[in-house]
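Shown next, in structure tokens, is the structure this report addresses.
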Number of protein chains: 2
Amino acid sequence: MGEIDRLGSIKKFYRQHKRLPSYSEMLKLFGIASKNAIFKIVSKWVEEGLIKKTGGKFAPTSRFFAIPLLGSIRAGFPILAEENRDYVSLDDYLIEDPQSSFLLKVNGDSLEGIGIFEGDIVIIERKKEARIGSVVLAQIDKEWTLKILRKDRIQRLNYLSAANPKYPSFYPKEELQIFGIVKAVVRKFN
Amino acid sequence: MGEIDRLGSIKKFYRQHKRLPSYSEMLKLFGIASKNAIFKIVSKWVEEGLIKKTGGKFAPTSRFFAIPLLGSIRAGFPILAEENRDYVSLDDYLIEDPQSSFLLKVNGDSLEGIGIFEGDIVIIERKKEARIGSVVLAQIDKEWTLKILRKDRIQRLNYLSAANPKYPSFYPKEELQIFGIVKAVVRKFN
DNA sequence: CAGTATAGTAAACAATTGTTCACTTTGTCA
DNA sequence: TGACAAAGTGAACAATTGTTTACTATACTG
């Protein structure tokens, strides 16, 4: 079994079990008989910065999960782009505060103008206030909706607007209550 | 320390260390003196399905990471939506084959029509073939670009097109080589 | 070929793991 | 108040952890 396959197999193990295998488990995983061999292999991974020890226990580093992130594609071959900093995970990148966040499947085409389509998933952070211009999940006159928060300068009043010329602006007759703000969008193709 | 805070603290621990704390570590984490107390607490989590045992070792379940995914917002209060199946993680959801995937920061506005903007991050899977209509990373006459793959029925020839009326279609003079296909897009606001 | 680094075997090790037992404290509710 | 469940203490436990040592097999290099 090659070196890369071993790394691949414990990455697969981590993906399945959400934890690293123990030495004994690696013995079976790699088809090796001696724990010392495992010790040497793991030590090398630690040296390479793929795995670290926290509190005497092994844990994967960010490089363990690393998926290359490339920069500009205009300037030559993209793989060789210099902006190849290693990468944590999309969860960590997109969801800053997991406790107060939730996901929402978008329906309707009212936000097409800013690239939020029907079927997309938005990451929403629970908050009662939002900056003007941000996309908010709000309750306008008892009805829930996902729109852009605007401020009418003349009437000095917050209202909601779509990002699609098909729809008018929504002025609250009674009240406009913000429930959360959209921090990110995610769309899967096919 | 309340029950929820404990769960929160080991979730935080897992987020930081990418592994669950041991009983001894939980002692300090929770400010408790007896391992048996930890045993009971963890046992309850196992019963509740937040943590499971694989091969005699503890590991978080999907419910451990769960961020609620809500459905339609039109039909009343979104939090109460029935489509509240628990959720794995954005990584697992978006990146099906981590080994052959990489991320690419988009520049240019040529794909605005399908909601891919400058600064977005696309998840690309390395592949030499692609279905007509999919977004591909390709090399057209030695130049790299991100476009939609099309087929000219008359000339029986593949070409690339933007999703923006500003740009023309790109017919290869010499060759068109597909390098990968875009599986997902991700955009962070602010 | 010889020489040497690399990779694996086997056994022994203290340290730490999760679990169990018997008991005490705390809190809750009739 | 008293009774009972829930939550925590403390000590002991076998099992497993990662590490070390000494030795062997394999592979590579000049």
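In what follows, chains are A, B, ... by sequence order, proteins preceding strands, each numbered from 1. Computed from a prediction, not measured in an experiment: that's the story for all the values here.
- Aromatic ring centres of A:F64 and A:W45: separated by at least 6.0 Å.
- Salt bridge B:E25/B:R19: present, at least one basic N to carboxylate O contact under 4.0 Å.
- The shortest distance between the side-chain N/O atoms of A:Y23 and the OP1/OP2 oxygens of D:dT16 is not below 4.0 Å.
- Here D:dT9 presents its C1' atom at 12 Å from CD1 of B:I38, a figure rounded to the nearest Å.
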Here DNA chain D, pairs taken as Watson-Crick or G-U under 3.5 Å and shown with ( ), [ ] when crossing and | when to another strand, reads ||||||||||||.||||.||||||||||||

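- For A:I41, counting side-chain heavy atoms from C-beta on, the closest listed nucleotide (D:dG8, C:dT19, C:dG8) is C:dG8.
- Classification of the B:Y159-B:Y171 ring pair by plane angle, with boundaries at 30° and 60°, yields parallel.
- Atom CD1 of B:I32 is separated from atom C1' of D:dA11 by 17 Å (rounded to the nearest Å).
- Nucleotides of DNA chain D nearest to A:K53 and B:A33 differ in position, and the one nearer the 5' end is that of B:A33.
- Atom CD of B:E25 and atom P of C:dT17 are 7 Å apart (whole Å).
- The minimum heavy-atom distance between A:S101 and B:I67, with the atom names listed, is O-CG2, 3.4 Å.
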What verdict does the side-chain contact (heavy atoms from CB on, under 4.5 Å) test give for B:E118 and B:D109, after you've listed the backbone C-alpha separation in whole Å, the side-chain angles of each residue and the deciding distance to 0.1 Å?
CA-CA 6 Å; B:E118 165 111 28; B:D109 56 358; 5.8 Å; no

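- Look at B:S24 and you won't find any side-chain N or O under 4.0 angstrom from OP1 or OP2 of C:dT16.
- Remark: A:R6 is in phosphate contact with C:dG8, judged by side-chain N or O atoms under 4.0 Å from OP1 or OP2.
- In this entry the distance linking NZ of A:K57 with C1' of D:dT19 reads 14 Å, nearest Å.
- C:dG18 atom P lies 13 Å from atom CH2 of B:W45, rounded to whole Å.
- Between the CZ atom of A:F30 and the P atom of C:dT9 there is a distance of 13 Å, given to the nearest Å.
- Computed from coordinates, the A:M26 CE to D:dT17 P distance equals 10 Å when rounded to whole Å.
- A salt bridge links A:K142 with A:E175: at least one charged nitrogen is closer than 4.0 Å to a carboxylate oxygen.
- Between the side chain of A:N36 and the base of D:dT21, at least one donor-acceptor pair of N or O atoms lies under 3.5 Å.
- Of the charged side-chain nitrogens involved, at least one lies within less than 4.0 Å of a carboxylate oxygen, so that B:R187 and B:D120 count as a salt-bridged pair.
- Base engagement by B:K40 is indicated by at least one non-hydrogen atom pair under 4.0 Å involving a base atom.
- In this structure, B:K28 places its NZ atom 9 Å from P of C:dT17, rounding to the nearest Å.
- Nearest nucleotide to the B:K35 side chain, out of C:dT9, C:dT19, D:dT17: C:dT19.
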